[in-house]
Amino acid sequence: MQVDMKINRPRGTYDLFPEELIKWQWAERIAKETFGEYGFSEVRTPIFEATELFSRSIGKFTDIVEKQMYTFRDKKGRSLTLRPEATASVIRAYLEKGGEQGSERFYYLGPMFRYDRPQKGRFRQFYQIGVELFGAAHPAADCEIIFLLNDLFQKWKLKKFEIQLNSLGCAVCKEKYRKALFDYLKGISLCKECEARKQKNVLRVLDCKNPACQSYIEKAPKVTDYLCDDCSLHFEKVKEYLNLLKVPYNLDSYLVRGLDYYTRTVFEVFLPELGKEIAIAAGGRYDNLIEELGGRKTPAIGFAVGLERLIANLDGPEKKKSPLYLASLGEEKILKETMKLAQRLRRNKIQVIANYEARSLKSQLHQADRLGSKFVLIIGPKELEEGTAILRDMKGSRQTVIKRENLIEKIKEVGKV
RNA sequence: GUGAGUGUAGCUCAGCUGGUUUAGAGCACUGGACUGUGGCUCCAGUUGUCGCCGGUUCGAAUCCGGUCACUCACCCCA
């Protein structure tokens, strides 16, 4: 560390080491298995796309597009952006492949990027795992997606989570409501930000946590009172099906999402224990988006889970790895025998960590202990000579001398090493 | 983008109303007590451009300014 060359990771990013990755891999495996049960298959898309893909889908006047995108020009001057979310990418890929036939079910997992001030549960590079169901208009599809989300959280063993549900209606209802809300707020003076939101994107006012604004919001008109007959029926059906399948949910008439493309059903998952209003997963229906991105009119619905927020609240799996530790004492001849043994063991699917340093047996056992090895194989001059090895059970400090030729059988006999 | 707090050994931190001297503790690490046997105990040892740059001063880890980074909150969102 003498050299003045230390380079740190970029702001808002983090490194993952084996200890933490145990949880990640566990959570990811459960998600993939579960998605499979519902017929979803993985897609992988580039982590950068044409900038316009995001400004058109997410909405020009959202914070994400206005100030949080990692946008750059390539050598030919094309404007590209590191994806801030994946839905638009998945649609783009789906359309580009020309696969607009019938229903499609995709899931994805990968890093997303938003230039934002880092904070608890908020990073500049963060991971999302999510699903997209294309070509399903029926409220039963909404129900299935929410059921899937609920199922996932149960399998992840999250103790307490709440699903908040709302409906924004179709483009017509949304517009009607927007007008009604705007009219309601006309004579009311709100906080500085809300005054700006009023002009640019009225629905955002509902998210304001300012107590003064909140008191007005409580009396504000509700979206659900502005739904057309079709949208209203759709929402009723979604709730009916959720009740049928016994999926618990709370209605929140002021839940709007940060992305403009949502229509009808929207939902978020919260952990009330945190006391903080941070969503750990969210999603909804977006019946117009595929068309807006150049496809045929195709109803669709999906959700995304923030993995960092999930992992932070997860216990994860129990069992740890326990490699067999090979301790060796002394000279070159023993070292060579150890190297050969290690390879033989590995070929028999036994995890091995071999010590090659000339350290005391004491320190080797110490290290084996730290690495979580349940068994240690010891070879010294005497064992080398006699063609044996000492198999030590770390738990009970019992050890037996075994012949090196029956080593594999003996170790498998002992069980999980 | 706005605000607040923090930056001292690998880790957690003490010292910080300027001068006790060579900047400390615990954990970790290495060795020994136990000459080829971990987890407990005891002993010894190693480790630092006191985040970086500049200023005030006879003298700065300590005060001031700037800068960078981290943390938290606002904002926004998963």
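Any value given below was found using the heavy atoms of this structure, including those in side chains, with hydrogens, waters and symmetry copies removed. Chain letters run A, B, ... following the sequence lines, proteins first, then strands; residues in each count from 1. Note that the structure is a prediction, hence the values are computed from the model and not measured.
Nearer the 5' end of RNA chain B, as judged by each residue's closest nucleotide, is the contact made by A:Lys382, out of A:Lys382 and A:Val305. A residue-by-residue look at A:Gly121 and A:Ile378 shows that A:Ile378 has its nearest nucleotide of RNA chain B further toward the 5' end.
If you look at A:Phe134 and A:Tyr94, their ring centroids are closer than 6.0 Å.
Nucleotides B:rG55 and B:rC11 are separated by 34 Å at their C1' atoms, to the nearest Å. One C1' atom belongs to B:rA23, the other to B:rU47, and the distance between them is 13 Å to the nearest Å. The gap from the C1' atom of B:rC50 to that of B:rA14 amounts to 12 Å, rounded to the nearest Å. As rounded to the nearest Å, B:rC53 and B:rA69 have C1' atoms that lie 15 Å from one another. Across B:rG36 and B:rA9, the matching P atoms stand 37 Å from one another, rounded to whole Å. Comparing the same atom, C1', in B:rG26 and in B:rG66 gives a spacing of 35 Å after rounding to whole Å.
Of the nucleotides present, B:rG19 is the one that pairs with B:rC58 by Watson-Crick or G-U wobble criteria, both distances under 3.5 Å. Nucleotide B:rC13: paired with B:rG24 (Watson-Crick or G-U wobble, both distances less than 3.5 Å). Look at B:rG7: its Watson-Crick or wobble partner, with both distances under 3.5 angstrom, is B:rC68. Taking a pair to require two hydrogen-bonding distances under 3.5 Å in either a Watson-Crick or a G-U wobble arrangement, B:rG38 remains unpaired.
The side chain of A:His366 places no N or O atom within less than 4.0 Å of a non-bridging phosphate oxygen (OP1 or OP2) of B:rU37. Considering only side-chain N and O atoms, A:Gln119 lies under 4.0 angstrom from the phosphate OP1 or OP2 of B:rA73. Taking 4.0 angstrom as the limit, A:Arg11 places a side-chain polar atom (N or O) nearer than this to OP1 or OP2 of B:rC70. For B:rU30, the OP1/OP2 oxygens have a side-chain nitrogen or oxygen of A:Arg359 closer than 4.0 Å. One finds no side-chain N or O of A:Arg122 lying less than 4.0 angstrom from the OP1 or OP2 phosphate oxygen of B:rA73.
Remark: C1' of B:rC72 and CZ of A:Phe123 are 13 Å apart, rounded to the nearest angstrom. Straight-line distance from the CD1 atom of A:Ile64 to the P atom of B:rC75: 16 Å, rounded to whole Å.
Closest approach to the A:Lys120 side chain among B:rC72, B:rG38, B:rU37 is made by B:rC72 (side chain taken as heavy atoms from C-beta onward). Distances from the side chain of A:Ser397 to the nucleotides B:rU37, B:rG39, B:rU71 place B:rG39 closest. Listed candidates were B:rG1, B:rC75, B:rG38. Nearest to the side chain of A:Arg117 is B:rG1. In this structure, the nucleotide among B:rC77, B:rG1, B:rU71 sitting nearest to the side chain of A:Pro118 is B:rU71. Here the side chain of A:Asp116 is nearest to one of B:rU37, B:rG1, B:rG36, namely B:rG1. Here B:rG36 is the nucleotide among B:rG36, B:rA4, B:rG38 with the atom lying nearest to any side-chain atom of A:Pro381.
With respect to the salt-bridge test (charged N to carboxylate O, under 4.0 angstrom), the residues A:Lys155 and A:Asp151 qualify. Ion pair A:Arg285/A:Asp142 flagged as a salt bridge, since at least one NZ, NE, NH1 or NH2 atom sits closer than 4.0 Å to an Asp/Glu carboxylate oxygen. A salt bridge links A:Lys186 to A:Asp183: one of the charged nitrogens lies within less than 4.0 Å of a carboxylate oxygen.
At distances below 3.5 Å, not a single donor-acceptor pair connects side-chain atoms of A:Arg404 with backbone N or O atoms of A:Ala389. For the pair A:Thr51 (side chain) and A:Ser79 (backbone), a donor-acceptor distance under 3.5 Å is present.
If you check distances only, the side chain of A:Gln364 never reaches the base of B:rG36 with a donor-acceptor pair under 3.5 Å. Judged by atom type and distance alone, A:Arg392 reaches the base of B:rG38 through a side-chain donor-acceptor pair under 3.5 Å.
Geometrically, A:Arg124 engages A:Tyr115 in a cation-pi contact defined by less than 6.0 Å to the ring centre and at most 45° from the axis.
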